[in-house]
Amino acid sequence: MALCTLDEVKQYLGIETTSSDVLLTSLIDNASEFISNYTNRTFEITNYSEIRDGSGNAKIPVYYSPITELTSVIIAGVTYDAKKTPNLIYFDNGNIFPIGIMNVTLNYKAGFASTPLDVKQACIELVSYKYKQKDRIGLNSKTLAGEVISFEHKDIRAEIKNVLAAYVRVV
């Protein structure tokens, strides 16, 4: 799933023609995949099924968040009613996840209905940075009218890393 649109990138860059559409679309796909891999997260709503060890507690954190829908909680073949927060599934009726090995199955949906605005902007900026960098591949500096201009070559700018840090999923 693309985390930003071609129109959003073109507006940000001030491009009104279609001559760069193929390149920009490719950069959007690349940046979206980079961000998903960097954060170890799928942003769109996705179905998940986890088989977990029961802990003896009334709460169990999930691997993927935010939870948008809790489909089922099955313990040793029996379905139970449970509740959810964005990051965990819990019982509020006195039940617990009984201690056991691979005895709990959690079925739920997690992700975002739309790309968070800060992630979308990070994607737009990453695409824009890569687009502008294409003319400087292999150049460290350039002399124009007696002035030396130096170029910075980074995979990802610090500002983008800072935004994405909030979304990194720790395994």
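When reading the values below, keep in mind they use all heavy atoms of this one structure, side chains included, and skip hydrogens, waters and symmetry mates.
At a threshold of 4.5 Å between side-chain heavy atoms, the hydrophobic network of Ile, Leu, Val, Met, Phe, Trp and Tyr places Phe34 and Met1 in one connected group. No path of Ile, Leu, Val, Met, Phe, Trp and Tyr side chains, each step under 4.5 Å between heavy atoms, connects Tyr48 with Ile74, placing them in separate hydrophobic clusters. Following chains of ILVMFWY side-chain contacts shorter than 4.5 Å, one cannot reach Val163 starting from Tyr12, and the two form parts of different hydrophobic clusters. By the criterion of side-chain heavy atoms lying less than 4.5 angstrom apart, applied directly or through intervening Ile, Leu, Val, Met, Phe, Trp or Tyr residues, Val73 is not grouped with Ile51; the two fall into different hydrophobic clusters. Linking Ile, Leu, Val, Met, Phe, Trp and Tyr residues whenever their side-chain heavy atoms come within less than 4.5 Å places Leu23 and Leu6 in a single cluster.
The side-chain heavy atoms of Asn87 and Ile67, taken from C-beta on, include no pair separated by under 4.5 Å. The shortest distance between side-chain heavy atoms of Arg157 and Glu125 falls below 4.5 Å. Side-chain contact between Ser49 and Leu106: absent, with no pair of heavy atoms (C-beta onward) separated by less than 4.5 Å. At least one side-chain heavy atom of Asp118 sits less than 4.5 Å from a side-chain heavy atom of Tyr167. In this structure, Lys10 and Thr18 have side chains that are in contact, with non-hydrogen atoms separated by less than 4.5 Å. Side-chain contact between Phe43 and Pro116: present, with at least one pair of heavy atoms (C-beta onward) separated by less than 4.5 Å.
Interatomic distance, Tyr38 OH to Ile160 CD1, rounded to the nearest 0.5 Å: 10.0 Å. Of the inter-residue distances, the one linking Ser72 atom OG with Asp81 atom CG reads 10.5 Å to the nearest 0.5 angstrom. Taking OH of Tyr80 as the reference point, atom CD1 of Ile75 lies at 5.5 Å (rounded to 0.5 Å). Interatomic distance, CG of Leu3 versus CD1 of Ile35, reported as 5.5 Å (0.5 Å rounding).
Here the closest non-hydrogen pair linking Leu164 and Ala122 is CD2-CB, 4.3 Å. Closest heavy-atom contact between Cys123 and Ala31: SG-CB, 4.0 Å. Contact detail for Val127 and Ile28: the closest heavy-atom pair is CG2-CA, 3.7 Å.
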Under 3.5 Å, which donor-acceptor pairs do the side chains of residues 88-97 form with other protein atoms, sequence neighbours left out?
| from | atom 1 | to | atom 2 | distance (Å) |
| --- | --- | --- | --- | --- |
| Asn93 | OD1 | Asn95 | N | 3.2 |
| Asn93 | OD1 | Asn95 | ND2 | 3.4 |

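Around atom CD of Gln11, no more than 12 heavy atoms belonging to other residues, nucleotides or ligands sit under 6.0 Å away. A 6.0 Å sphere centred on CD of Glu159 holds more than 12 heavy atoms belonging to other residues, nucleotides or ligands. For Lys59, the NZ atom counts as loosely surrounded, since its 6.0 Å shell holds 12 or fewer non-hydrogen atoms of other residues, nucleotides or ligands. More than 12 heavy atoms of other residues, nucleotides or ligands lie within 6.0 Å of CG in Asp53, so this atom counts as buried by the packing criterion.
At distances below 3.5 Å, at least one donor-acceptor pair connects side-chain atoms of Thr68 with backbone N or O atoms of Lys109. Between the side chain of Arg169 and the main chain of Tyr64, no donor-acceptor pair closer than 3.5 Å is present. Looking at Asn107, its side chain never comes within 3.5 Å of a backbone N or O of Thr71 through a donor-acceptor pair. Using a distance-only test at 3.5 Å, with no hydrogens or angles considered, a donor-acceptor pair links the side chain of Ser36 to the main chain of Ser32. The backbone N or O of Asn30 lies less than 3.5 Å from no partner atom in the side chain of Lys130, so there is not a single donor-acceptor pair. Listed for the Asn103 side chain is a donor-acceptor partner under 3.5 Å among the backbone atoms of Pro98.
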* Full working for side-chain contact (heavy atoms from CB on, under 4.5 Å) between Val62 and Lys84 -> CA-CA 10 Å; Val62 295; Lys84 67 172 183 68; over 6 Å; no

* Do Leu24 and Leu13 pass the side-chain contact (heavy atoms from CB on, under 4.5 Å) test, and can you show the C-alpha distance, the side-chain angles, and the key distance before you say yes or no? -> CA-CA 11 Å; Leu24 289 172; Leu13 288 168; 4.0 Å; yes

* To do: Could you check Cys4 against Val9 for side-chain contact (heavy atoms from CB on, under 4.5 Å), going step by step and ending with a plain yes or no?
  => CA-CA 7 Å; Cys4 63; Val9 170; 3.8 Å; yes

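A donor-acceptor pair shorter than 3.5 Å can be found between the side chains of Thr5 and Glu8.
Cation-pi contact between Arg52 and Tyr63: present, with separation from the ring centre below 6.0 Å and deviation from the ring axis of at most 45°.
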